[in-house]
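What follows is a single structure, written as structure tokens, with notes after it.
Counting from 1, the numbers follow the sequence of the chain as shown. Atoms within a ligand are numbered from 1 in the order they appear, just like the ligands themselves.
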Amino acid sequence: MSGRPELDKDVSDSELKRSRSFSKSIKGLFKSTSPPRKAPGTAESGGVGIKASDKLKKLAKSKELELESKRRDPSAIPPPRLGDAPLAPPAAAYRPQNGHGSKSARSHSYMTDFGKLSLTKQAGNSNASQESLVSNDDPKLKAKHTSGGKADFSFSDGEESDYFQPKAVRSGVHDPTYEESSIDNKLAKTPDNLRRVKSLQRRSSNANATSRSRSLSSTSRYRGRSPTQGSSNTLREQSEDENDAQCVLKSKTFMVFEDGHHKHTLSVTQIVSENHDEDGAKGKSMFSLSGFFKGHKDDERLESALSLLPRARLEFHKRLSRIMDDELKDENDEGSENSSRKGSMPQPVNPNAAIGSEELGMISKISKKIHDGVVMEGSVDDQMAKKNYTLFQKYGKPVGVIGHGAYGVVKVCCIDTANITDERSLDETYVKGTKMYYAVKKLKPRTDEAKEKFGTRLTSEFIIGHALSQRGSEDHKSHPNILKMLDLMQTPDGFVEVLEFCPSGDLYSLLARTAKTGGLHVLEADCYMKQLLHGVQYMHDHGIAHCDLKPENILFDPQGTLKICDFGTSCVFQTAWEKQVHFQSGAVGSEPYVAPEEFIAQREYDPRYVDCWSCGIIYCTMVLGHYLWKIALVDKDPVYASFIEEMRTKREFSVFEEMKHVSPEVGRCRKLCLYAIFQWNPEKRTSVEKLLHSNWMKRTWCCVPYKSSKIAH
Ligand SMILES: Nc1ncnc2c1ncn2[C@@H]1O[C@H](COP(=O)(O)OP(=O)(O)OP(=O)(O)O)[C@@H](O)[C@H]1O
């Protein structure tokens, strides 16, 4: 998302291009050009899958142990090699500039929009605000981990053995009575607190039931602990919280209770609190003529938008198979050249992949639409109108503008379910009272953009988003941390995507808002990190890497459920027909979040490890309140250069060493994870999956229960 000025102007100046496009990956399905690659973290040789089979795992075990012992060697981060230009600058480039030596680098800040706090000041502030909780830490634990200073660049033995953990943790329901050393649990150890925890757990299940008011699709297996809104529910829960557990920390966006649980209290955009009439006009400010004339013509075009998806709400795969069949039928009719394609379609070997034959059919259909241009000049296609609701009929009228993207405006549409008389299924989104809100993102080619490029971007963004939205579990429910892509509609002058609406904005805005008050609380950041990792892992499980993870592409609902969005530059590293992981080359994304291997010319990299790096940077941005560095190139960024230098000479990085946590033990686990993430050599880097199994994440209280996730909670 780039609907706002970038954090740093330089970032947009040097826009990074994508070397391996989505379409290229798709083309590669039938005519594979790149040989199967062995991905780091996969044990299989030859046809490499995301995960090694059990048998192969056993076979590889001895090798893994050997590798593991090597990884524990502090020299795992090698010094930059001269051969690795541009990562290896002349020696002078390593020298601290402007006084930003290894220590003073901490006071260097690239901070622009988040506020003018330097790192030193920021750390000081947040430490002070968190001090009250530190005293609750178990002194035994403190003593136990006094050694926890130096980085060993890997997880401790405990991290690995905890992989096979008791059911209570694996179930995905956070069980504070299990996690011995978590700060949350320590706080919950007194009989009084245990009683409160039980009461909270009971309430949690009640809340799950009431949360249905939030979404009309009540079958979702992923449900947040607290109901979205519906003022009575919110008020009831709030008062129960206050009765049951005393609030020990409160900020504008976050509350921590003495028993360790927390609650996010994100503000909601004004658009949803305004009262809109049937025509989408605001109840009070009806005479805002400028607004009326500005949006009017545009809205007219939106009104006639029709879905490119079939109307009937069949099961996802049936729905898409139908498109596929139609498409193949069309192609067969067109000529004998294509007629053999159906028969020669390879059998899927990877059922988890988000991109399968259904998506391929959709890509073909959408690409054709884009290529043929606008077919609905000025009026609604009669045939389609019979089958389809228009945008206004299905998603309501626009009630406001939520953002300006690089490719068009993002509007909010609202439909009052009380006025719906026919039988129809409604897509899951933000609900307030009887009103449902959708984000409607207009997509049109930039003036200088070639049709083909626009087509690639559109299909990438929509197909990947839509496929991920539908494949959350066995019963095709979505994942809580992936923004739902609900529909793609065609207007007389372009296309619009209909998205689940997130009324609490994006992480970038949240960081900007909270910068004045000391930034996010560390427990708040930890919870978001855990959600982010879950969302990214889910993408990776389905053969997709995001490749542009940054605060602008992370949205929130008011309860703090994090949603990853914007799949326009995502990479399909594995489709339904592939066992191997496809690597890519060339830098993609925003500079501060781009992993170092992406800058190495001609070097192919595993996109999953790039996502892992970006998650680490996002986390640091959340806790520091500013970028960790401007770009991961030693000759361009003195802070990154000092990171490399400090790691080489001292095997630690002062910024990570000085990051405070409310629990020293959790802080120690976190530090190990940070060192494991920021391995500039991707082959030595940890993975998102390993991070989710780390002691840091296991000790992190997360407010989203991942019931059907295979990842331990
Ligand atoms: N579903 C949504 N709910 C709430 N706000 C949204 C939603 N989608 C987008 N926004 C807001 O609109 C702004 C612009 O979004 P958009 O996706 O167009 O950005 P973009 O990155 O420029 O797009 P693109 O990457 O396609 O160029 C975002 O900054 C975000 O805050």
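Between Tyr395 and Phe501, every side-chain heavy-atom pair lies at or beyond the 4.5 Å cut-off. Side-chain contact between Lys435 and Ile415 is absent, with no heavy atoms from C-beta onward closer than 4.5 Å.
Ligand 1 does not have Lys563 within reach: every non-hydrogen atom of the residue lies 4.0 Å or more from it. The shell of residues lying under 4.0 angstrom from ligand 1, judged by heavy atoms, includes Glu500.
Between Lys442 and Glu497 there is no salt bridge, since none of the side-chain N atoms of the basic residue sits less than 4.0 Å from a carboxylate O of the acidic one.
Distances below 4.0 Å separate heavy atoms of Glu461 from the following atoms of ligand 1: 26 (O). Listed by number with element, the atoms of ligand 1 under 4.0 angstrom from any heavy atom of Lys441 are 16 (P), 17 (O), 18 (O), 23 (O), 24 (P), 26 (O). Residue Asp506 approaches ligand 1 through these ligand atoms, each under 4.0 Å from one of its heavy atoms: 29 (O), 30 (C), 31 (O).
For ligand 1, none of its N or O atoms has an N or O atom of Glu552 under 3.5 Å away. At least one N/O-N/O distance between Cys502 and ligand 1 falls below 3.5 Å.
By the side-chain hydrogen bond (donor to acceptor under 3.5 Å, both in side chains) test, Tyr619 is found to be paired with Asp526, Arg670, residues two or more places apart in sequence or in another chain being considered.
Under 4.0 angstrom from ligand 1, there are no non-hydrogen atoms of Asn553. The proximity of Ala439 to ligand 1, defined as any non-hydrogen pair under 4.0 Å, is limited to the side chain. Looking at Leu555 against ligand 1, only its side chain comes within 4.0 Å, counting heavy atoms.
Ring geometry, His534 versus Tyr706: the interplanar angle falls under 30°, so the pair is classed parallel (tilted spans 30 to 60°). Aromatic ring pairs are classed by plane angle as parallel below 30°, tilted from 30° to 60° and perpendicular above 60°; the pair Phe462 and His466 is parallel.
With Leu532 as reference, Ile564 is the one residue of Asp611, Asn481, Ile564, Leu507 to meet the side chain to side chain contact (heavy atoms under 4.5 Å, CB included) rule.
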